[in-house]
Amino acid sequence: MDWLTTVDHKKIGVLYLIAGAFFFGIGGIEAILIRIQLIKPQNTFLDAQTFNELITMHGTTMIFLGVMPIIFALMNAIIPLQIGARDVAFPFLNALGFWTFFFGGLLLNLSWLIGSVPDAGWTSYVPLASTTYSTHHGVDFYVLGLQIAGIGTLLGGINFLATIINMRAPGMSFMRMPMFTWASFITSALILFAFPAVTVGLVLLMFDRLFGGNFFEVANGGNPILWQHIFWIFGHPEVYILILPAFGIISDVVSTFSRKRLFGYSSMVFATILIGFLGFMVWAHHMFATGLGPVANALFSIATMLIAVPTGIKIFNWLFTMWGGSIKFTAANLYAVGFIPTFVMGGVTGVMLASAPADFQFHDTYFVVAHFHYVIVGGLVLGLFAGLHYWWPKMFGRVLKEGLGKATFWMFFIGFQLTFFVQHFLGLTGMPRRVFTYLPNQRFDLMNLISTIGAIMMGIGVLMFLWNVLVTSLKPANASNDPWEDGRTLEWTIPSPPPEYNFKQTPLVRGYDAWWKEKMEGNTEMQPAEPVGSIHMPSPSILPFFMGIGLFIAGFGFMFAKDDFNNALLNGLFNNYVVAGVGLLITLTCMFLRSVIDDPGYHIEKEELEDKGVKA
């Protein structure tokens, strides 16, 4: 019950981590099934329909439900600690964000059990996703599941914006914030502007599919290119929503394990802002093949190439941070250092794809698959592994096994390079994307075999990480405040794992890398900005959990409202929108209760704090 009602940001971080790991596992299994089908020419392991369902669900699950929640897990667990806050700005909203995300993801993945699975690709292009070509409920699961999950992401983004703007410790100006906090701040702003676009697109597609709308139906005056614009004006900022937190993690990890201040901090901050800004100006490079014309193609081509400049600044700053540092190659730092050349490779192929004439050739080949996996897996996933190894002791009080962590890195890293490096050449040789089989002797056979072996190695790497987590969780939680001994930021000044109130006294920040600055002056703890006093804490609440369930039920109600169940009771409940109404009623009742019942929270008194002997 404690976990269902919690509004504590650290516990919500753990919930996001568990949910993300669950969906990441599903997405990974889907990927390995895809690769087994492509291991040899004319393989009959999967049929065409199942293959389409797998590539649709693999992309959708990984991007929306696998890596996003792990990013939110780290943001929840770490950002309030990095800025010296006791919680996020809106703890209730934080819990609501998690539960709506979780039930949306669950709704989407239940499609496997019900038998109508989304099959129009993860971008769900119309008219493939319209009722003309996708007559079953698959795309409905996609539309409703992502709308509900998207509410959770949007709430999270608003919450972190408010937290970082309003709740920084005294002395922590914007230009003293750690890079991970900066990256999360810009990410939250991108979420605020990008997610409404995809929500609108999904609502329009829902009207087309469930209520006979004509937004995308060509025969009735609709326009399928409209969907691409709406999807990509969200979809391109989305890749920066994914990668910017990884940039922040790499900055913190590289700086800590080089025992040096991050090189060019202010240029890193402005590069991050510029990436966020330019991220909204490049969406149509996904549409060079739709015939937008030379002016649009040229503008989007130039904007896409420009975005390489701030990214390049970051790469050089990481290299200069390591230059002359006393580098420790811990497991976390191995992932961070492995990230840099891999991400550069993904960036270079991105600039190649930014050229409209070249993109016309590359567009529907495996070259594009290789490019975005280099950016998302070689960038984001390596960044997340770095962050998990780095902050694991802070979240759980136990340091992951270093030897096993390093072995995991090499297994995953080599597997990744084997899988996706050859796919560039597969694409240039002419292998199209999204094909479930291919003829022999087209120079595809060996490269597909290598690719599949690499994918299995990546799967083994993920299992090794889970084994590390399991073995470590059996040990006592006895990590020190600063287990790496070189911690630079505020989260390393408090116990691991932190108490529910984080800081006994709010710290006074006197410079960038606040904790390192105090260490250099010979202090063993942060200077407090206030005397010890009673601490106000928010009360737990079960309402967010039920609001998530309400939306989940409503989703089913709307989806099956036109179906004939051969059962009078079920027909009556679904066809008259009773089920949909009950679901919405549950959610609205919870909203009403939240509005009228005052929640004063509770206080942890000064005497209790002194009994616990916790120093900030």
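These numbers were taken from a predicted model, which means no experiment stands behind them.
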Margin query: Pair H236, H286 - check side-chain contact (heavy atoms from CB on, under 4.5 Å), show working.
Written below: CA-CA 8 Å; H236 205 86; H286 296 268; 2.8 Å; yes
Between the CG atom in L388 and the CD1 atom in I70, the distance rounded to the nearest 0.5 Å is 6.5 Å
When rounded to the nearest 0.5 Å, the distance separating CD of E238 from OG1 of T153 is 8.0 Å
Between the CZ atom in F444 and the OH atom in Y438, the distance rounded to the nearest 0.5 Å is 9.0 Å
Sub-3.5 Å donor-acceptor pair from the side chain of N571 to the main-chain atoms of D564, do we have one?
no
Ring centers of F103, F545 separated by less than 6.0 Å: yes
Query - ring-ring contact (aromatic ring centres under 6.0 Å, His included) evaluation trace for W283 with F234 - result: CA-CA 8 Å; W283 80 88; F234 147 80; over 10 Å; no
Count the heavy atoms belonging to other residues, nucleotides or ligands that lie under 6.0 Å from CZ of F277, then report whether that count exceeds 12.
no
Those residues at least two apart in sequence (or on a different chain) that pass salt bridge (Lys or Arg N to Asp or Glu O under 4.0 Å) with R443 are none
**Message:** Would I148 and F552 count as a side-chain contact (heavy atoms from CB on, under 4.5 Å) here? Give the steps.
**Reply:** CA-CA 8 Å; I148 296 169; F552 180 77; 5.5 Å; no
>> Between N52 and R434, is there a side-chain donor-acceptor contact under 3.5 Å, judged purely by atom types and distance?
In response: no
Quiz prompt | Audit row: F421, M345, side-chain contact (heavy atoms from CB on, under 4.5 Å) steps and yes/no | solution = CA-CA 10 Å; F421 187 72; M345 175 81 188; 3.7 Å; yes
Rounding to 0.5 Å, atoms CD1 (I553) and CZ (F546) come to a distance of 9.5 Å
Take a 6.0 Å sphere around CD of Q361 and say whether it holds more than 12 heavy atoms from other residues, nucleotides or ligands.
no
Could you check, using the six-membered ring where one of them is a Trp, whether Y16 and F98 have ring centers closer than 6.0 angstrom? yes
Of N223, T131, V126, the one forming a side chain to side chain contact (heavy atoms under 4.5 Å, CB included) with E217 is T131
How about H137 and F560: are their ring centres within less than 6.0 Å of each other? yes
- Query: Taking the six-membered ring for Trp, is the centroid-to-centroid distance between F367 and H371 below 6.0 Å?
  - Reply: no
Aromatic ring centroids of Y374 and F416 under 6.0 Å?
yes
Hey, do the aromatic rings of F160 and F185 have their centres closer than 6.0 Å? no
Between the side chains of W122 and H58, does any donor sit under 3.5 Å from an acceptor?
no
Ring pair (Phe, Tyr, Trp, His ring centres under 6.0 Å) filter on F207, not counting sequence neighbours, yields F211
